[in-house]
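Data first, discussion second: the structure below is written as structure tokens.
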Amino acid sequence: GHRTVPQNLPELQPDLPRGRLKLQPLRPTSGPRRQLPMILRDKFGRAITDLRISVTDRCNFRCVYCRSADPETYRDHEEILRWPELDRLARVFVGLGIRKVRVTGGEPLVREGVEDFIWRLSKLGIEDLSITTNGHLLAERIDRLVAAGLRRVNISLDSLDPAKFEKITRTKSFDAVMRGIDAVQSSPLAPAKVNAVLVRGINDDEVEGFAEFARARGLVMRFIEFMPLDADRLWNRNLVVPAAEIHRRIHARWPLVQIPHERSETARKYRFADGAAGEIGLIAPVTQPFCGHCSRIRLTADGKLRTCLFSKDDHDLRELLREGASDDDLSQYIRSVVNDKEESHHINDPNFVPPSRTMVHIGG
Ligand code: SAM
Ligand code: SF4
């Protein structure tokens with residue numbers, strides 16, 4: 001009666017809290033099955049609690065820092081996970097301790113059925129359920145999203161000048177996006193989080209304007225450093241507007257007071273010292289990497305698990321699903337993939353090579 005457990009697979013044994021895998025109770029359980037709630041951890045001890053689910057690689061915008069002007073890279077429909085496949089994976093992830101889900105893309109609102117998916121996610125008991133959208137379809141969809149149980153929404157807006165917005169997104173959707181922001185502001189999801197990616201020489205003159213917008217509208221204005229994930233491979237260090245510069249410029253005009261943040265949060269958060277409404281968030285993956293506290297993994301629209309935006313490989317959950325894997329098989333595979341999450345990205349290494357998947361094919 002002596003059973004040996006393979007020494008190289010401790011992370012595949014959900015019942016054995018040993019090796020590098022740690023299982024932590026989240027809350028007391030009750031009920032007939034008394035399952036031990038668990039949390040995913042990687043071999044560096046980081047708790048992986050956040051999942052970004054990309055529901056489509058399609059998009060109605062073609063932002064210069066993201067998607068090519070002339071994309072010919074859409075995947076065939078059968079390559080994209082179907083809703084029941086997404087439902088099943090979501091359930092498995094929740095069973096593994098995922099507590100925060102962000103639905104993204106591509107543009108998530110272009111996929112029909114996204115509200116129903118969000119409703120099913122909310123029924124799985126996900127505490128923090130959010131969406132990232134370019135806002136084009138938001139005004140007409142906000143009521144359904146709220147009814148579906150969405151808790152938060154991030155809207156991308158890279159210029160307050162309609163002509164510049166058109167250059168950046170290669171659309172005429174400025175007014176529609178502004179209506180989308182207004183719709184969020186007058187919904188239970190207020191305050192909206194508005195994300196801008198600043199690119200030197202394009203919209204870096206708008207830092208103060210965006211801060212003023214946050215104050216006037218009482219919303220959260222977040223600045224994300226440009227990362228080497230653009231389809232046209234234009235990224236270079238000189239195009240990155242460092243978060244420290246953004247902070248300095250806003251602080252000079254309207255002094256900022258830092259707000260405490262959770263360790264795993266990507267944004268440094270600030271309020272205005274003069275008591276004005278609104279908040280500023282600075283996300284500095286390039287100049288101040290936060291990999292050490294990263295809690296995120298990503299599921300691409302074509303069913304690949306990615307442990308980092310900058311991963312060289314992705315891990316094929318779609319194939320496993322379609323080959324008839326059981327929930328246990330899926331869980332074990334996810335655990336082993338998460339265990340090997342990269343320690344950090346290497347954007348700042350002299351010989352850094354961007355991943356072959358660009359942002360629109362990963363899910364931001
Ligand atoms: N289409 C939606 C949108 O634009 O909000 C969701 C998907 S988009 C890929 C998610 C986020 O990634 C957006 O806030 C976008 O600005 C950001 N993003 C795209 N390319 C980026 C890049 N190269 N560097 C930094 N952020 C980027
Ligand atoms: Fe589309 Fe969002 Fe990428 Fe812009 S940032 S091209 S809206 S996916």
Side-chain angles (χ1 to χ4, degrees), residues 11-12 14 20-24 26 37-57 81 85-106 108 117 121 124-132 154 227 229 262-267 283 285 289-321 325 327 329-347 355-364:
E11 69 278 13
L12 299 182
R20 283 162 162 176
L21 178 80
K22 298 193 187 83
L23 301 178
Q24 283 194 347
L26 298 178
M38 49 178 85
I39 202 164
L40 276 168
R41 272 186 200 276
D42 68 13
K43 64 182 176 220
F44 302 105
R46 292 172 297 189
I48 305 304
T49 51
D50 308 0
L51 173 67
R52 311 239 162 151
I53 301 180
S54 173
V55 295
T56 181
D57 61 344
L81 291 184
E85 292 175 325
L86 279 166
D87 291 343
R88 176 149 177 239
L89 286 179
R91 191 162 40 73
V92 168
F93 277 112
V94 168
L96 287 168
I98 290 294
R99 283 175 277 169
K100 197 167 163 179
V101 173
R102 171 172 298 281
V103 175
T104 182
F117 179 54
L121 288 175
L124 287 178
I126 291 156
E127 296 158 27
D128 189 347
L129 185 51
S130 58
I131 196 168
T132 300
N154 288 20
M227 293 181 277
L229 295 168
E262 280 175 40
R263 266 161 59 103
S264 66
E265 268 183 297
T266 52
I283 303 169
F290 35 77
C291 306
H293 303 302
C294 183
S295 57
R296 281 166 296 283
I297 51 175
R298 293 177 150 82
L299 179 63
T300 68
D302 59 333
K304 314 289 191 232
L305 183 58
R306 286 181 73 83
T307 47
C308 175
L309 273 175
F310 297 93
S311 292
K312 293 284 178 238
D313 318 302
D314 39 40
H315 306 277
D316 199 349
L317 286 173
R318 185 189 69 201
E319 190 184 324
L320 270 181
L321 270 176
D327 285 3
D329 297 336
L330 291 167
S331 297
Q332 293 198 4
Y333 183 68
I334 292 166
R335 284 169 171 286
S336 69
V337 168
V338 165
N339 186 58
D340 283 335
K341 178 173 159 76
E342 344 2 39
E343 186 169 20
S344 59
H345 68 59
H346 294 276
I347 302 177
S356 51
R357 262 181 199 259
T358 58
M359 189 60 122
V360 74
H361 295 293
I362 300 171

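Positions are given from 1 along the sequence.
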### Task
Specify the closest pair of heavy atoms between Leu81 and Arg318, including all atoms of both residues, with the distance to one decimal.
CD2-CG, 3.6 Å
### Task
Please examine the side chains of Ile126 and Phe93, heavy atoms only from C-beta on, and report whether any two atoms are closer than 4.5 Å.
no
### Query
Measuring from Leu96:CG to Gln332:CD, what's the distance to the nearest 0.5 Å?
10.0 Å
### Query
For Gly364, does its backbone N or O pair with a side-chain atom of Thr104 as donor and acceptor, under 3.5 Å?
yes
### CA sep, side-chain torsions, deciding dist, call: Arg99, Ile39, side-chain contact (heavy atoms from CB on, under 4.5 Å)
CA-CA 9 Å; Arg99 283 175 277 169; Ile39 202 164; 3.1 Å; yes
### Query
Are any of the side-chain heavy atoms of Ile98 and Ile297 separated by less than 4.5 Å?
yes
### Query
Distance-only, no hydrogens or angles: does the Arg102 side chain make a donor-acceptor pair with backbone N or O of Ile131 under 3.5 Å?
yes
### Query
What are the two closest non-hydrogen atoms of Leu309 and Ile362, and how far apart are they?
O-CD1, 3.4 Å
### Query
What residues form a side-chain contact (heavy atoms from CB on, under 4.5 Å) with Glu343, not counting sequence neighbours?
Phe44
#### Entry: Arg91 side, atom CZ; Leu121 side, atom CG - distance, nearest 0.5 Å
12.0 Å
### Task
Enter the distance from Arg335:CZ to Arg41:CZ here, rounded to the nearest 0.5 Å.
12.0 Å
### Message
Using every non-hydrogen atom in the two residues, find where Pro355 and Phe310 come nearest and quote the distance to one decimal.
### Response
CD-CD2, 3.8 Å
### Message
For a 4.5 angstrom cut-off between non-hydrogen side-chain atoms, does Val101 reach Val94?
### Response
no
### Query
Heavy atoms, side chains only, cut-off 4.5 Å: are Glu342 and Asp42 in contact?
no
#### Entry: Those residues that, when tested against Ser331, pass side-chain hydrogen bond (donor to acceptor under 3.5 Å, both in side chains) (two or more places apart)
none
### Task
For residues Asp302 and Asp57, determine if any side-chain heavy atom of one lies less than 4.5 Å from a side-chain heavy atom of the other.
no
### Task
Would you indicate whether the side-chain heavy atoms of Ile48 and Thr307 approach each other to under 4.5 Å?
no
### Task
Give, for atom CG of Asp87 and atom CG of Leu124, the distance between the pair rounded to the nearest 0.5 Å.
7.5 Å
#### Entry: 4.5 Å side-chain heavy-atom contact, Arg52 and Thr132
no
### Query
Closest heavy-atom contact between Cys308 and His345?
SG-CB, 4.4 Å
### Query
Any salt bridge between Asp313 and Lys304, counting N to O under 4.0 Å?
no
### Message
How close do Arg306 and Arg357 get, counting heavy atoms only, and between which atoms?
### Response
NH1-CD, 3.5 Å
### Query
Roughly how far apart are Ser356 OG and Lys312 NZ, rounded to 0.5 Å?
8.0 Å
### Query
So do Lys100 and Thr49 actually touch side chain to side chain, heavy atoms under 4.5 Å?
no
#### Entry: Smallest separation among heavy atoms of Thr266 and Phe290, with atom names
CG2-CE1, 3.4 Å
#### Entry: No-hydrogen, no-angle side-chain donor-acceptor test under 3.5 Å, Ser54 and Arg298
no
## Note on the structure
So CG of Asp340 and OG of Ser311: to nearest 0.5 Å the spacing works out to 11.0 Å
